[in-house]
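Worksheet for the structure shown next.
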Amino acid sequence: MVKIAIFGVGLIGGSLALCFKGKPDVTVVGYSNRASSAEKYVNRGVVDSATTSVREAAVDADFIFLCVPVGKLEEYVDELSQLPLKPGCIVTDVGSTKASVALCGRRLESQPGVSFIGGHPMAGSERSGVEAASTHLFENAFYVLTPDASTPQGQLDKLIELLALTKAHIVSVDAKSHDEIVGAISHLPHMIAVALVNQIRGYNEQDQLYASLAAGGFRDITRIASGDPVIWRDILVNNKSVLLKLLKDWNAEIATFADLLEREDGEGIEEAFRTAGEFRSKMPERRKGMLHSIYDCYVDVPDHPGIIGKIASDLGKERINLSNIHIIESREDVPGILRLSFRTQEDLDQAQLVLADAGFAVHQ
């Protein structure tokens with residue numbers, strides 16, 4: 001039997017477990033430091049067994065997935081380094097910073113045949129916890145591996161073969177390049193969103209109309225500012241050197257915009273929007289990425305009893321999974337007053353067809 005130990009069976013760890021569980025000659029063991037969580041993993045059928053003992057989970061494992069926050073990785077690596085891991089064991093993680101983790105992971109490679117290979121599945125969900133785990137989470141997403149020059153090719157091939165069960169696109173890059181790219185496309189946008197929301201929060205202390213009018217589009221484009229503060233603290237500190245350079249570049253971009261406004265350079269502003277639009281249009285629309293996609297549409301509905309129930313019923317008859325309904329009092333850029341949220345692009349596409357056929361005006 002191939003034993004896979006997963007430390008931290010939440011959204012990512014639980015989804016990995018579901019991808020591996022039930023495959024021939026594979027057993028999946030979950031670890032939590034809380035007995036209630038370990039019991040929950042088993043009761044939900046996410047793992048074959050679970051334990052609160054690091055030793056029990058790790059010592060005879062062929063693969064160990066550390067699906068814990070970046071700030072906790074060093075603690076677990078230190079503990080694993082004190083255990084007699086199985087020769088040939090592959091240890092990997094799922095964190096969004098890789099250079100600092102790779103440095104930490106080298107402590108494990110002093111054990112015979114043990115390899116540490118950094119990993120980062122670039123997929124997620126607006127939900128969290130093992131309850132949100134799904135076998136489809138990684139499908140068509142990029143799963144980045146960051147082996148270093150000393151990683152045996154055979155070990156890397158074994159991990160790639162296992163991760164093929166996730167149906168993700170496996171790519172390998174060096175840890176430094178990973179941190180630079182992910183810093184730019186994920187960490188920097190999160191910082192910008194937080195700064196922008198805090199700027200408006202400051203204005204709102206003097207005039208509460210800011211918060212009232214910021215509903216809708218502003219709330220949507222800054223949704224990533226609601227990330228877990230502790231998790232993001234650890235991510236940003238671990239990728240500090242990359243982010244400081246990115247912030248310097250960002251300040252230069254903003255300074256350019258300020259200069260265009262100072263000079264009332266309409267053509268320059270137009271060109272900035274044109275080049276940004278052209279580049280953005282070339283990005284794949286439906287590939288899973290670092291920032292979670294929003295699958296929402298807005299529906300104009302007449303003001304009479306039963307209309308929301310009818311919409312929910314029409315979608316239910318077609319077995320379309322509706323995750324949320326929000327009644328919006330006012331929205332500047334879209335006339336719809338009902339926001340419907342879905343978990344997949346496929347559900348959203350099908351819902352728009354069903355609602356249009358039923359005579360509703362649907363907007364995105």
Side-chain angles (χ1 to χ4, degrees), residues 6-17 30-34 36-37 40-41 46 54 64-80 91-105 116 118-134 137-138 141-146 168 175 178-198 201 219-244 246-247 288-294:
I6 297 183
F7 287 68
V9 189
L11 171 67
I12 300 296
S15 297
L16 285 168
Y31 165 83
S32 174
N33 57 6
R34 293 194 298 268
S36 59
S37 295
K40 179 169 66 173
Y41 303 158
V46 178
V54 172
I64 298 175
F65 285 81
L66 298 177
C67 305
V68 298
V70 171
K72 292 285 188 180
L73 273 170
E74 187 168 0
E75 173 186 328
Y76 280 96
V77 167
D78 282 342
E79 192 162 358
L80 291 176
V91 184
T92 186
D93 75 308
V94 298
S96 70
T97 58
K98 296 270 71 80
S100 60
V101 172
L103 198 62
C104 176
F116 180 87
H120 181 198
M122 297 178 70
S125 169
E126 75 283 359
R127 299 180 298 158
S128 60
V130 67
E131 296 81 5
S134 165
L137 183 66
F138 310 111
F142 282 110
Y143 198 120
V144 181
L145 297 178
T146 56
H178 168 278
D179 288 358
E180 290 172 349
I181 295 169
V182 172
I185 65 174
S186 175
H187 303 167
L188 178 63
H190 277 82
M191 287 192 295
I192 292 170
V194 168
L196 181 55
V197 171
N198 280 330
R201 178 183 58 81
R219 193 174 190 278
D220 288 344
I221 65 171
T222 57
R223 63 193 169 86
I224 55 176
S226 299
D228 185 295
V230 174
I231 289 176
W232 277 101
R233 175 200 67 192
D234 294 342
I235 289 172
L236 299 187
V237 169
N238 270 271
N239 205 20
K240 179 183 74 171
S241 60
V242 168
L243 295 177
L244 288 173
L246 288 170
L247 285 172
K288 296 177 182 178
M290 280 300 304
L291 304 183
H292 308 155
S293 297
I294 298 177

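We number each residue from 1, following the sequence as shown.
For Asp228, there are no salt bridge (Lys or Arg N to Asp or Glu O under 4.0 Å) partners two or more places apart in sequence or in a different chain. Arg201 meets the salt bridge (Lys or Arg N to Asp or Glu O under 4.0 Å) test with Glu205; sequence neighbours excluded. Residues meeting the side chain to side chain contact (heavy atoms under 4.5 Å, CB included) test with Ala184, sequence neighbours left out: Leu246.
Here the options are His178, Lys98, His187, the test is side-chain hydrogen bond (donor to acceptor under 3.5 Å, both in side chains), and the partner is Asn239; only His187 passes.
Two residues are said to be in side-chain contact when any heavy atoms from C-beta on lie closer than 4.5 Å; Leu16 and Cys67 meet this criterion. With a 4.5 Å cut-off on side-chain heavy atoms, Leu236 and Leu243 count as touching.
A salt bridge is absent between Lys72 and Asp234: the closest approach of a Lys/Arg side-chain nitrogen to an acidic carboxylate oxygen does not fall below 4.0 angstrom.
Taking all atoms of both residues into account, the shortest heavy-atom contact from Ala133 to Gly14 is CB-C, 3.5 Å. Between Tyr143 and Asp93 the shortest heavy-atom distance is OH-O, 4.4 Å. Among all heavy-atom pairs drawn from Phe7 and Val68, the shortest one is O-CG1, 3.6 Å. Residues Val46 and Ala17 come closest through the heavy atom pair O-CB, 3.4 Å. When every heavy atom of Gly105 is checked against every heavy atom of Phe116, the shortest pair comes out as O-CB, 3.5 Å. Of all heavy-atom pairs between Ala225 and Val197, the closest is CB-CG2, 3.9 Å.
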